[in-house]
There are 4 protein chains.
Amino acid sequence: MILKIDFESDLPIYIQLKTQIIEGIAAGVLKEGDPLPSVRQMASDLGINLHTVNKAYTFLKQDGFITVHRQKGVVINSIHGRRVNEDYLARLHKDLSSLAAEAYCRGMNEEEFKNICTELFTKFKSQSPKW
Amino acid sequence: MILKIDFESDLPIYIQLKTQIIEGIAAGVLKEGDPLPSVRQMASDLGINLHTVNKAYTFLKQDGFITVHRQKGVVINSIHGRRVNEDYLARLHKDLSSLAAEAYCRGMNEEEFKNICTELFTKFKSQSPKW
Amino acid sequence: MILKIDFESDLPIYIQLKTQIIEGIAAGVLKEGDPLPSVRQMASDLGINLHTVNKAYTFLKQDGFITVHRQKGVVINSIHGRRVNEDYLARLHKDLSSLAAEAYCRGMNEEEFKNICTELFTKFKSQSPKW
Amino acid sequence: MILKIDFESDLPIYIQLKTQIIEGIAAGVLKEGDPLPSVRQMASDLGINLHTVNKAYTFLKQDGFITVHRQKGVVINSIHGRRVNEDYLARLHKDLSSLAAEAYCRGMNEEEFKNICTELFTKFKSQSPKW
DNA sequence: GTGGTCTAGACCACG
DNA sequence: GTGGTCTAGACCACC
């Protein structure tokens, strides 16, 4: 999987990493059991510091997306490690609410907004169809 | 309109302000032409720094949500000031994509996700129905 | 509150910090709303790096013992932020089980073990009696 | 006795080994004089490194739980090899104190805590009742 | 060679 | 001045 860091972005690098890996999992590019490069490897690949990669991995581990296996290294978790819980739902609602508010304020149609949402979601679904 | 600052949130205060004002507009609590308190007033009301309020207003002005009149003070713009443009669409897609990816990874159903999205959007629509 | 780092210990410094702060809360030395020194301050007080302090604070924040208030700085949480949940209970059982096993293996009496446990617990209770 | 390694645990494998063997002794599954597999054997059984098993055995030997005979191999010691001494008591107090502190901070009742402690201890007692 | 820990020093966003 | 982020370089425990 190819990761791309935008050094100009206002988002911290470790957040970009985390997001892209989650999108990779959603898109089926990364599947259960797939290995991720070691922190050192990925850091040198991307030209960033190993601590930055480590931070991204730590968050992913915490949220159940990956686990650090003492022999296999860093591997993608099965979906069972990362269920929808209350905290997540609250966060999702808050984030979506502000996006919806701005879209509505800018005059976006209900249909348009719904279409964008479902389009993005189904894109992932069609790419990794088997869960 | 009542604004509530969460001083323990990880979001900067000025972002919270900006978001809540946009949500206020979307919910119809703030309508075209409505005045907003002056920077000083709002800062003292909320017990925060002048600069912080100023920063929020600056962003809102940039995005066309408000106008700062020397005499009338700060007022809400009409919708025409803030159309959907390319930059905004790109940003929206990126933000929604990462939210959709995480939702999908956590096993959320397509229906569920769509429902949350439309529910949040229609909530605004029903509250400020006339555009 | 006085913190003491054992640089010879096999426990990481940030764990020692975290543990001592929790014990401070349990002992009533640190109460709800009490401020903790800034990372820089505590780091220089203890002669350690600010990142190490930061790590301890991050864990404490995660577990609901403290929150970072944008104006008041770092403050001790009310008890409501840190309830007993399933994950914690599982961890507690595992830790206690191995301690109990070793105590039993070394020939410790059931009474002795129980007494040590309750004695330590009631020590905290008597020191911060009001919850 | 069946040992189970969790390769994704944050505890080192040799600690897991050591702990499980002690718990095995406490539970009466391993009794005085019982043999333990050789380093090589156990390593290949569990699919782990020789050094790792060796390290676990070394610690167990140090603490008097096992003896390594050149001919009889590794055997479980009698209880007399591993008495409660001052060092151990100090360690136990420290470990239990931090567990008790966190339990108390999370609002756990004195009764609850005592019950968990005694329950875990008596579990071992009932399984290997005769010392 | 791996991740975990610690240090040192730097810049920036925030308030 | 605060915490957040990033870098660089180092040592150690683990396997």
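In what follows, chains are A, B, ... by sequence order, proteins preceding strands, each numbered from 1.
- To the nearest angstrom, C1' of F:dC6 lies 15 Å from CD of A:E8.
- A:R70 and D:D6 are not joined by a salt bridge, as no carboxylate oxygen comes within less than 4.0 angstrom of a charged side-chain nitrogen.
- In this structure, B:L46 atom CG and E:dC14 atom P are separated by 18 Å, rounded to whole Å.
- Electrostatic pairing of C:K18 and D:E102 does not count as a salt bridge here, judged by no charged N lying under 4.0 Å from a carboxylate O.
- Taking atom CG on B:L17 and atom P on E:dC14, their separation rounds to 13 Å, with Å as the unit.
- The NZ atom of D:K94 sits 14.5 Å away from the CG atom of D:L89 when rounded to the nearest 0.5 Å.
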*asked:* Between C:K4 and C:L46, is the side chain to side chain contact (heavy atoms under 4.5 Å, CB included) condition met? List the steps.
replied: CA-CA 8 Å; C:K4 258 190 86 62; C:L46 298 173; over 6 Å; no
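- Tested against B:F65 for a side chain to side chain contact (heavy atoms under 4.5 Å, CB included), the candidates B:L36, B:L30, B:I25, B:I21 yield a single pass: B:I25.
- For C:L36 and F:dT2, the CG to P distance is 14 Å, given to the nearest whole Å.
- An OP1 or OP2 oxygen of F:dG4 is reached within less than 4.0 angstrom by a side-chain nitrogen or oxygen of C:N54.
- A 3.5 Å limit on both hydrogen-bonding distances identifies F:dG1 as the Watson-Crick or G-U partner of E:dC14.
- For the pair B:R106 (side chain) and A:V84 (backbone), a donor-acceptor distance under 3.5 Å is absent.
- The distance from atom CE of C:M42 to atom P of F:dT2 is 13 Å, rounded to the nearest whole Å.
- Residue pairs meeting the ring-ring contact (aromatic ring centres under 6.0 Å, His included) criterion with at least one partner in residues 13-51 of chain A, sequence neighbours excluded, are A:Y14-A:F59.
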*How would nucleotides 9-15 of chain F be written as a contact map, 5' to 3', with B for base contact, S for sugar-phosphate-only contact and - for no contact, using protein heavy atoms under 4.0 Å?*
B-B--SS
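- E:dG15 atom P lies 14 Å from atom NZ of B:K18, rounded to whole Å.
- Heavy-atom nearest nucleotides on DNA chain F were determined for C:V39 and for A:F7, and the one closer to the 5' end corresponds to C:V39.
- Checking side-chain atoms of B:Y88 against main-chain N and O of A:A103 turns up a donor-acceptor pair under 3.5 Å.
- Residues from residues 56-69 of chain C lying near DNA chain F, meaning a heavy-atom separation below 4.0 Å, are C:K61 in numerical order.
- C:D34 places no side-chain N or O within donor-acceptor distance of the main-chain N or O of C:I76, the cut-off being under 3.5 Å.
- Closest-nucleotide positions on DNA chain E for A:Q41 and C:I48 were compared, and the one nearer the 5' end corresponds to A:Q41.
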